[in-house]
Amino acid sequence: MPRIVAVLLILLACVPLAHARSRDLGPIPIDGTTAQASLPDRQKRVIRELACGVEATFIRHKLSLAERPNEIMIAKAAVLAGLIDRHLQPCATTQVFAISEWEKLLPEGPALKAAIEALDQDLNKPLPPDPARLGEVAETIRRTVNAFAAQVFGGVCEAVVTRVEPRIVARGGSGERVVEYRVSYSLSPACLARQINSVILDRRFVRQGNPGSSGLPCHLFGSPPEADWDMAVALLTRLTFLLRQAATLTPPSAESADAIDKLQTRLLTLSGGKAQEVHPLWHCGNPDNQYGSARDRLDDNSFYDPDLGRDVDGDAEGSDTGDDFLDFLALLLLFLALIIAGVALALLAALLGAIVGPLVAAIIITLLSALAVAAEIPQIALGALFGGVEETENHLFMQNSSKYLKNQMLIEDSAAIGDSDAVADYQAYNREIHAWLMQRLQRVTDEDFAEFNAKPYGRLSFTALLNLHDFSCQAGVPACSADDAQLITGVAVVGDLTAAKMALGSNQGRRIVPFRRLAHANTDYTLGKLEKDHSKRAAVRSLFELSGLADHQIAAMQLWAGQTLHGPDGHASEDSLAEMIWEATSAYTPHRLLLDLALVKGAWTQTLRHAGWERYSSGKAWLITAGGSESGYAQGLRTPTGTIYPSAFIKWTDRGAGVPTTLMVSSGKRLPACEATGSCRELPPARVEQPLRQDRFAHFIRFEGKVVRWKIDQEDEPMSFNDNFCVHGSFACGINLQIPDFLRACMVTHDSAALPAGRRFSLIDSANCKAWDNGDAGDDFFVVVYEQACAGSSDCAAGSQWGFIEVVPRTPAATSKDLHDQVLAANAANFDEMASKSGLGTFTYASRTNGIIKFAPHGAWVSEAGGVAQAHGALPAWPRAQGDVINRTGTASYTIRNPRTGETMSVDFSDQEKPKRALP
């Protein structure tokens, strides 16, 4: 008995149970310089964890192909391309075994689960189990996983698990003991290649649908074809170039050559001329899938697809000529109907003129015409006949980037066989696409993306541009022309502005900003997504649930700057690896100046204007973000007289949406890196002591503003938080004020019997609020919180609160009582007026750090600060970019400055053909 107990004590690790869902990205950098220096390590960690650390997920996807493991294949290809190790050592990582992931995959899964559960139960009995049972279960895991991998992928993958280490740990705070099984994976290059090939060469792995947006109005007859194929092509383009790079290190096997051939001839179907920005109603999107060689595609040859067992048609494969003809015929009949309606209206005018006189007849005809125009009948008809539906921005970027890169590979192939005509044709196509890309990139530089901060479309646009940045100089003849180099610079310019905006508009990697598409993401992050039958809601999303409707820039900056403080266990979530694989395998990285802005916060203010409104005010340990407002649609129905947005065609959720105005506060204490101290035994090792993960809207003091809910489309429930512009310096105001309970517990009110109720306000001392304390006394501050019940209206209902906040450094007041007395002495009369009018109107507040502020909480703007009038109104005319960080210096031209380091960079896209970046 003593021997058994001794063994168990040795195995017992007195640490909390580590979570398999988090992944370690290494030590959190302290500034831009350390972030830049450690970025290659984080990139390798992401590649490694996705390439060989999610084997259960990869095998499950490979077996069903209901969900394609494209991002995982990209990571595996990155290992083969030498992005982790040029000497191509096996991909190795250690993960906690989760029987829930393997139970339904492994033939012995149910029996293995039963053995694991039985051992866990016995651990908590008075008589400890035989320690040999731990080794037996561990060996069973190793043996069964290896046997199953060999069954799925062949003998080359028969030893993917090299070791399984059992360890007894305590579960959470209950003290219950369980066994963790640390599985060490080691996948050889041959096994990785076999895994990729097994997916690509699977007969079910074929083109699905057409490129272009799904859900756009098209086809009056028949059903619109399946769409969004260009999303897959963008992923497969990155996979193809990584496999090309791998082939330069190790000659591909016959199987790998077959896989690459299938990618090139049957899956990278986007080539030829540029994608069209507008398509007629009788022609859905850009169904220009093409197959085969360069000559096959140019000549529109039929191409036999052995997976489909039939010929595919080359150009426009997937369109339905019959439906197209019927649609065109129907629209032609509509045109005749309009002519008949016009003749009928003229006859009616003549008849009415004879009956009631010309004046009354003219009035009636004018009213009828006005009603028709108001109902958008003539505009829709004209758009249907002579215009069309605008393609969405992200699909245009995905299609044209994929076409450009595929055309380059076809140029290369044609030159190799001496087909000079094909070379000339594809070079002409790419000149056209290049011109479009440069024009669009210049527009984005000047105005921001049409789908700014989009969820999830920002990812699709940005990653399509990363493909151009990384691969434009890796194919073609010549291999890297002047046009290619300028295109790469243009993408980097857009990347710099996007990264700069993320860096200054975030706090510890968290960001809540107005966005354009998809508005129902607001509901997912505030109320929880509706189930399809509307009977219940899903859990409210975390900002770090980096999949689906995620803000891709949170994932990107998490990789670039290593900001995982509010992730699970202070690490990256497993789901975020697929988002980060793009940046992990990309040559584009932001300059240290930008990474420093993300990591080391200082005192700065910034205003940005595009189709929406963004404003940020930062302190050393806090950030106030204005929530903006709704901003209309990014695209609609283009007519001869302009673009219209008929509600019958365009989804409500495609509108731009505002978010709450929020106060984010830095929290959590850094701990030394486990590798440095050698003391961490958890997996993954701890990096931060975080009393509360503040990763949801509900964790912040926020003004929700005017809450607008639009039409529900199945389970999509679009909403916007409107009129949230009231931010100036460390001051913010608005209606529908929300304060989390854990922060209310930190609020202190200094009362006295003589203090009128209307003058009540509270203070939060960050040093005495556990959720906000970051262990640095130099970062401490106070927050003044004024709140009052709304008078009751549709915008701020009875029971809701309006109010304002001000962040005040600790230096002006030694204690909260001192600050209370100072604020009250300067604002007693102001508070009386606010109370008497229930927040309706414009008020004055003598702030401690921002001068005299005049503000309208229901209008949600600051009209004057420090005696200077501020741009305000229902839709404030804020400048494109103005502040302490980003300033517009001309058309598509900006300077970006880091106030802390004094470093400055500039980007200039004023010349469409010669974009420039000037780095420190």
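Counting from 1, the numbers follow the sequence of the chain as shown.
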cation_pi(R516, F449) dist<6.0 Å, angle<=45: no

State, without any angle test, whether D575 and S573 hold a side-chain donor-acceptor pair at a distance under 3.5 Å. no

Q399 and A275 have their tightest heavy-atom pair at OE1-CB, 3.2 Å

Has R207 got a side-chain atom pairing as donor or acceptor with G209's backbone, closer than 3.5 angstrom? yes

Say you draw a straight line from CG of L468 to OG1 of T463; how long is it, rounded to the nearest 0.5 Å? 10.5 Å

Side-chain (D551) to main-chain (L543) donor-acceptor, under 3.5 angstrom: no

P718 to I712 - nearest heavy-atom pair and separation: CD-CA, 4.3 Å

With side-chain contact (heavy atoms from CB on, under 4.5 Å) as the criterion, how do R238 and W582 come out once you've worked through the C-alpha distance, each side chain's angles and the decisive distance to 0.1 Å? CA-CA 9 Å; R238 179 159 291 260; W582 292 90; 3.3 Å; yes

Under the criterion ring pair (Phe, Tyr, Trp, His ring centres under 6.0 Å), which of F703, W878, W861 is the partner of F725? W878

Check whether any side-chain heavy atom of H534 sits under 4.5 Å from a side-chain heavy atom of E717, and report yes or no. no

Minimum heavy-atom separation for T661 and A732, please, with both atom names. CG2-CB, 4.3 Å

Can you see whether Y525 has K455 sitting over its ring - NZ or CZ less than 6.0 Å from the centre and within 45° of the normal? yes

Could you walk me through whether M398 and L270 pass the side-chain contact (heavy atoms from CB on, under 4.5 Å) test, one step at a time? CA-CA 10 Å; M398 286 189 292; L270 298 183; over 6 Å; no

Which heavy atom of K406 sits nearest to which heavy atom of S271, and what is that distance? CG-CB, 3.9 Å

Presence of salt bridge, D446 and R880, under 4.0 angstrom: no

Give a yes or no answer on whether the side chain of S629 reaches the backbone of G658 with a donor-acceptor pair at less than 3.5 Å. no

Would you check, one step at a time, whether the test side-chain contact (heavy atoms from CB on, under 4.5 Å) holds for Y616 with L608? CA-CA 9 Å; Y616 308 100; L608 298 167; 4.1 Å; yes

Side-chain contact test, heavy atoms from C-beta onward, threshold under 4.5 Å: evaluate it for L518 versus P456 and give yes or no. yes

Rounding to 0.5 Å, atoms CG (L396) and CD (E277) come to a distance of 5.5 Å

In the structure I gave you, are the side-chain heavy atoms of H520 and L549 within less than 4.5 Å of one another anywhere? yes

Between the side chains of R638 and E390, is the shortest nitrogen-to-carboxylate-oxygen separation below 4.0 Å, so that they form an ion pair? yes

Kindly compute the distance separating CG (N70) from CZ (F205), expressed to the nearest 0.5 Å. 5.0 Å

Worked check of side-chain contact (heavy atoms from CB on, under 4.5 Å) between M73 and R68: CA-CA 9 Å; M73 288 198 295; R68 297 183 174 190; over 6 Å; no

Quick check: does any side chain N or O of R510 sit under 3.5 Å from a backbone N or O of Q694, one acting as donor and the other as acceptor? yes

Report yes or no: do S213 and E391 form a side-chain donor-acceptor pair below 3.5 Å? yes

Side chains of W613 and N724: closer than 4.5 Å at any heavy-atom pair? no

Check whether any side-chain heavy atom of L460 lies under 4.5 Å from a side-chain heavy atom of F397, and answer yes or no. no

Could you tell me how the ring of F462 sits relative to the ring of H552: parallel (under 30°), tilted (30 to 60°) or perpendicular (over 60°)? tilted

Report the distance from atom CH2 of W436 to atom CD of Q439, rounding to the nearest 0.5 Å. 7.5 Å

Name the residue from H610, Q553, E614 that meets the side-chain hydrogen bond (donor to acceptor under 3.5 Å, both in side chains) definition with N453. E614

Answer whether the closest heavy-atom distance between the side chains of E579 and I554 falls below 4.5 Å. no

Here the pair of heavy atoms bringing R537 nearest to G528 is NH1-O, 2.9 Å

Between K529 and D716, does at least one N-O distance fall below 4.0 Å, as a salt bridge requires? yes

If we ignore angles and hydrogens, is there a donor and acceptor under 3.5 Å between the side chains of R615 and T607? yes

Main-chain N/O of G859 paired to D723 side chain as donor or acceptor, under 3.5 Å: no

Does a donor on one side chain and an acceptor on the other come within less than 3.5 Å for H566 and D695? no

Flag, side chain of D654 to backbone of R517, donor-acceptor distance under 3.5 Å: no

Between D795 and S793, does any side-chain donor sit less than 3.5 Å from a side-chain acceptor? no

Specify whether W652 and W710 have parallel, tilted or perpendicular ring planes, treating 30° as the upper limit for parallel and 60° as the lower limit for perpendicular. parallel

Taking every non-hydrogen atom, the tightest pair across P740 and A698: CG-O, 3.2 Å

CD (E71) and CD1 (I581) are apart, to the nearest 0.5 Å, by 9.0 Å

Is a side-chain donor or acceptor of S586 paired with a backbone partner of Y588 at a separation under 3.5 angstrom? yes

Heavy-atom donor-acceptor pair, N722 side chain to E630 backbone, under 3.5 Å: yes

Do the side chain of H699 and the main chain of R696 share a donor and acceptor less than 3.5 angstrom apart? yes

What's the spacing between L267 CG and W229 CH2 if we round to 0.5 Å? 5.0 Å

For a 4.5 angstrom cut-off between non-hydrogen side-chain atoms, does L737 reach I701? yes

Would you say the side chain of V494 lies within less than 4.5 Å of the side chain of T445, judging by non-hydrogen atoms? yes

Between Q738 (side chain only) and R702 (backbone N and O only), is there a donor and an acceptor less than 3.5 Å apart? no

